[in-house]
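Notes follow once the structure below has been shown.
Below, read A as the first sequence line, B as the second, and so on, with proteins coming before strands; counting in each chain starts at 1.
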Number of protein chains: 2
Amino acid sequence: MNAPALSPARCGDCPIRHRAVCARCDADELNELDAIKYYRTYEAGQPIIWAGDVMTFVGSVVSGIATLTQTMEDGRTQMVGLLLPSDFVGRPGREGAAYDVAATTDVVMCCFRRKPFEELMERTPHIAHRLLQMTLDELDAAREWMLVLGRKTAREKIASLLSIIARRDASLTRRGATSRMVFDLPLTREAMADYLGLTLETVSRQISALKRDGVIELEGKRHVTVPDMHRLMEEAGDDSDGVFLG
Amino acid sequence: MNAPALSPARCGDCPIRHRAVCARCDADELNELDAIKYYRTYEAGQPIIWAGDVMTFVGSVVSGIATLTQTMEDGRTQMVGLLLPSDFVGRPGREGAAYDVAATTDVVMCCFRRKPFEELMERTPHIAHRLLQMTLDELDAAREWMLVLGRKTAREKIASLLSIIARRDASLTRRGATSRMVFDLPLTREAMADYLGLTLETVSRQISALKRDGVIELEGKRHVTVPDMHRLMEEAGDDSDGVFLG
DNA sequence: CGGGGATTTGACGTCCTTCAATCGACGTGG
DNA sequence: CCACGTCGATTGAAGGACGTCAAATCCCCG
């Protein structure tokens, strides 16, 4: 409803400056990007791109959260990506979109017209390298998620999702990861189900169960407190050894 | 057991020359790669890299088939990648291996010592660009697989795997995709189960069911004939429209 | 011909889905 | 101000798809 925060005028002021595809660009390169970029906002729930559509732009999520989903003919859907600020949308060199992209919260995108961006990338190794890095990170995340989808129980799936959201939230807000964590769920139960390959009923039941067992606490439907991250990560079936917490 | 085919001496003779990470390299760049490359063979069933090990090399699969798998503490495993000839192993910029890599058939790898390769990549956009392309393809494949893992039934999973193997086989042997297809399964039932997030018993049952229903024919345990690819792809739950067959 | 791993098949259990009813929060209109 | 509709979420009951455990069979190879 209310207008999202105004777009940063200059790349120098951009909140995702140091994490996005432009992270390694120097001043000259930023100027080139500036020439082909524009900001665009989407309201929560609105589609950003439909699978199969011609991509007129690629770009970065500046603020808000978007999802990548695939849908089968009979309507079954699977989320295949969760896009947070600084994540990149679109594939250079490809004309059509491969997945549906939708805003789950209000979203601000920093868009680059596709053709100019592709040309710029051809002659700007800083951009290509950064995009490669980001793509490799996404591939790792996708593979992590394949383990979740293929082998974990419903309870472990929920715990895994909560732990990932907590982690990402910590890295975005720069509050850092601690034993006790508090955050808001950016997804509906249905979106969580689509992410996890479950039904929304199962999601709801497992969240209730985790609450009953004291693994999490809830205020309202979306505000989550994790009293003990180690406990949550054990529930997720992950290596509980210090990889994450200090 | 028996020694695999000898390694190609020159990149010019390499069977994966036009598809691998070096696909876009010119003669000079190939010479540089030549200086840091060596061939290595692995027997069927042997590990290539263990997760967590220091990667001393990265490289391309020249022939044979390898798998990428993740394992949980309690032993549950999920395959997260199937490596065919020309596929790349290893992540530039990362010291430790993230996944177990193992040879499922006899495998020949074209290895590059990691540090020199990373340096070479820094100053060789042809390599970086090709690797970006290949990584984006892998990411697409991983996302396709997330739909399979999260939303498809056991029967659809098997049909999906068969259809993918048939397709890849067609593209490798250059026989092209036709309505009737014949190929060998490169995976045990257990490996198929690990790929699909199923048990080997369920894999076996569903293969029997597809045979009973005339979707596939079997000679021995591994040799598969698909009388009608369209039918198989319908069973896989994919868009059956001409995307694939002529 | 014999041994052993891979595969198939059967019986049974269980985790998750399906179908359905209810609840709570919120916004709208009477 | 309150009734009402909507939407997300919770909860229950019943059924089914897949997993588990166990035994038999098939083949590959010595």
Counting heavy atoms from C-beta on, name the nucleotide in [options] closest to the side chain of [X].
{"X": "B:L200", "options": "D:dT10, C:dT17, C:dT8", "value": "C:dT8"}
{"X": "A:L198", "options": "D:dC18, C:dT17, C:dT8", "value": "C:dT17"}
{"X": "A:S204", "options": "C:dT17, D:dT10, C:dT7", "value": "D:dT10"}

Which whole-number value in Å describes the distance from [X] [atom1] to [N] [atom2]?
{"X": "B:M192", "N": "C:dA6", "atom1": "CE", "atom2": "P", "result": "15 Å"}
{"X": "B:I207", "N": "D:dC26", "atom1": "CD1", "atom2": "C1'", "result": "15 Å"}
{"X": "B:R189", "N": "C:dT9", "atom1": "CZ", "atom2": "C1'", "result": "13 Å"}
{"X": "B:E156", "N": "D:dA17", "atom1": "CD", "atom2": "P", "result": "12 Å"}
{"X": "B:Q206", "N": "C:dG10", "atom1": "CD", "atom2": "C1'", "result": "15 Å"}
{"X": "A:E190", "N": "C:dT17", "atom1": "CD", "atom2": "P", "result": "14 Å"}
{"X": "B:D184", "N": "D:dC28", "atom1": "CG", "atom2": "P", "result": "12 Å"}
{"X": "A:D194", "N": "D:dG8", "atom1": "CG", "atom2": "C1'", "result": "14 Å"}

Below 4.0 Å: OP1/OP2 of C:dT17 and any side-chain N or O of A:T202: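 Yes, within the criterion.
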Short N-O contact, [X] and [Y], less than 4.0 angstrom:
{"X": "B:K152", "Y": "B:D238", "result": "yes"}
{"X": "B:K221", "Y": "B:D184", "result": "no"}
{"X": "B:K157", "Y": "B:E235", "result": "no"}

Working to the nearest 0.5 Å, report the span between CG of B:D100 and CE of B:M79.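 The distance works out to 11.5 Å.
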Base, sugar-phosphate alone, or nothing: which one does [X] contact when heavy atoms must sit under 4.0 Å apart?
{"X": "A:T188", "result": "sugar-phosphate"}
{"X": "A:G45", "result": "nothing"}
{"X": "B:S208", "result": "sugar-phosphate"}
{"X": "B:R222", "result": "sugar-phosphate"}

Mapping A:R151 and A:K211 onto DNA chain D by nearest heavy atom, which one lands closer to the 5' end?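 Mapping each residue to its closest nucleotide by heavy atoms, the 5'-most match is A:K211.
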If you assign A:R155 and A:K221 each to the DNA chain C nucleotide with the nearest heavy atom, which residue ends up on the more 5' nucleotide?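 The residue closer to the strand's 5' end, by nearest nucleotide, is A:R155.
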Under the 3.5 Å rule, do the base of C:dG10 and the side chain of B:R205 count as making a donor-acceptor pair?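 Pair found.
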Quiz question: going by heavy-atom distance under 3.5 Å, is there a donor-acceptor pair between the base of D:dC18 and the side chain of B:E201?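 A donor-acceptor contact between them is absent.
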A:T225 side chain near A:F183 side chain, heavy-atom distance below 4.5 Å: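 No, their side chains stay 4.5 Å or more apart.
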